[in-house]
Engineer: 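Got a structure for you, questions after.
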Amino acid sequence: MKSAVLVFPGINRERDMARAFREVTGVEPIMVWHTETELPDVDVVAVPGGFSYGDYLRCGAIAARSPIIPALKAHAAKGGYVLGVCNGFQILTETGLLPGALMRNASLRFVCREVRLRVDNANTAFTSAYTAGQVIRCPIAHGEGNYFADAETLKRLEGDGRVVFRYCDEAGEITDAANPNGAIDGIAGIVDETGRVLGMMPHPENLIEALQGGIDGRGIFESLGRAA
Amino acid sequence: MKARVTVTLKHGVLDPQGKAIQGAPKSLGFGGVDDVRQGKLIELELAETDRAAAEAVVTDMCEKLLANTVIENYRIELV
């Protein structure tokens, strides 16, 4: 499986993302600077986390208007996979590749800790290595992960099984106490209508080997390896 | 010509910053603040001198960049 990782000014998780692809799939990803206008021929394009453009205007807003974005949209349109994590998820909503928006955490605090996620749809190219309802550990680190979408969009997301990950407690229950940012219905990750574009706030790339304290995040990269 | 763009959260969209601000006047003794909504103000210096053309281009900028119309409204004033 061939992958590329987009790099914007202010991004800081691009090496973690590249490492996860390298470790799990055995293939070195290609780093692509935001001023490029073409993508290499790859199966997956990852949009990593960080603080592109200092989160000025809105998180991901300026990165979403970068020269590389039309190529990212073209990659998605021709059926390529796109994985957006954290700031990458924010960028994908700002480009319109994913619906909704990520707002300031309800607590107004930056939250950096581990959460539990429930895999609500294991039938996607990103989650086939998991089982439906499986509870996994995953780190989060964000100040603006409070997912919001209007009622109609939410109905469509829920109806089509496009909510892939939800914040949950250890038993897999979706509770307010287990929700780190106030995201509506505990939504932590969604896919687009084709199922080939995933955006999620938690960082699976930071839990792929024992050194990091667990391997619960590997499933995403393993799933992509099988799909692509 | 100067354009002043005011971006505010739509009604029904939770504004945690506004809520946090709302608590502060009360603790300073200012009563009667029923709600606070925080937004942002963006000022643009435009080369354009025609009002209609300026309004059109700023509207386009708002739709494409300055506001996220999923969660925000915008208002344009030309000065």
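Order of the sequence lines sets the chain letters (A, B, ...), proteins ahead of strands, with each chain counted from 1. On a predicted model such as this, the values are computed, not experimentally measured, just so you know. The figures that follow rest on heavy atoms only: side chains count, while hydrogens, waters and symmetry mates do not.
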Engineer: Which pair of non-hydrogen atoms, one from B:Asn68 and one from A:Glu94, has the smallest distance, and what is that distance?
Structural biologist: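 Minimum heavy-atom separation between B:Asn68 and A:Glu94: ND2-OE2, 3.3 Å.
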Engineer: Search all heavy atoms of A:Ala106 against all heavy atoms of B:Pro16 and return the closest pair with its distance.
Structural biologist: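 A:Ala106 and B:Pro16 have their closest heavy atoms at O-CB, 3.8 Å.
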Engineer: Determine the option with the most heavy-atom pairs under 4.5 angstrom with chain B, choosing from A:Thr93, A:Asn146, A:Leu108, A:Asp150.
Structural biologist: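 Top count of heavy-atom pairs under 4.5 Å with chain B: A:Leu108.
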Engineer: So for atom CD, which belongs to A:Glu152, do other residues, nucleotides or ligands contribute more than 12 heavy atoms lying within a distance under 6.0 Å?
Structural biologist: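 Open: at most 12 neighbouring heavy atoms sit under 6.0 Å from CD of A:Glu152.
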Engineer: Most heavy-atom pairs under 4.5 angstrom with chain A, which of B:Gln17, B:Lys40, B:Lys10?
Structural biologist: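 Highest number of heavy-atom pairs under 4.5 Å: B:Gln17.
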Engineer: Crowded around A:Asp176 CG? As in, over 12 foreign heavy atoms under 6.0 Å?
Structural biologist: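 12 or below, so no.
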Engineer: Given heavy-atom pairs under 4.5 angstrom as the criterion, report whether the side chain, backbone, both or neither of B:Lys19 touches chain A.
Structural biologist: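 For B:Lys19, there is no contact with chain A at all, as no heavy atom is under 4.5 Å.
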Engineer: Look at atom CD of A:Glu38 and say whether more than 12 heavy atoms of other residues, nucleotides or ligands are closer to it than 6.0 Å.
Structural biologist: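 No, CD of A:Glu38 has 12 or fewer neighbouring heavy atoms, counting only those of other groups under 6.0 Å.
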Engineer: Shortest non-hydrogen contact from A:Phe148 to B:Val70?
Structural biologist: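 Scanning both residues completely, I find the closest heavy atoms to be CE2-O, 4.2 Å.
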Engineer: B:Leu14 and A:Met103: which non-hydrogen atoms are nearest, and at how many Å?
Structural biologist: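 Looking at all heavy atoms of both residues, the closest pair is O-CE, 3.2 Å.
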Engineer: Chain B heavy atoms under 4.5 Å from A:Arg65: which part of the residue, side chain, backbone, both or neither?
Structural biologist: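 For A:Arg65, the contact with chain B is made by the side chain alone.
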Engineer: Give a yes or no on whether A:Tyr56 atom OH has more than 12 heavy-atom contacts from other residues, nucleotides or ligands under 6.0 Å away.
Structural biologist: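 No - once you tally the heavy atoms of other residues, nucleotides and ligands closer than 6.0 Å, there are 12 at most.
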Engineer: Is it the case that over 12 heavy atoms from other parts of the model lie below 6.0 angstrom from the CG atom of B:Asp50?
Structural biologist: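 It does: B:Asp50 CG has more than 12 such atoms within range.
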Engineer: Answer with side chain, backbone, both or neither: which region of A:Leu57 has an atom nearer than 4.5 Å to a non-hydrogen atom of chain B?
Structural biologist: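 Both the backbone and the side chain of A:Leu57 come within 4.5 Å of chain B.
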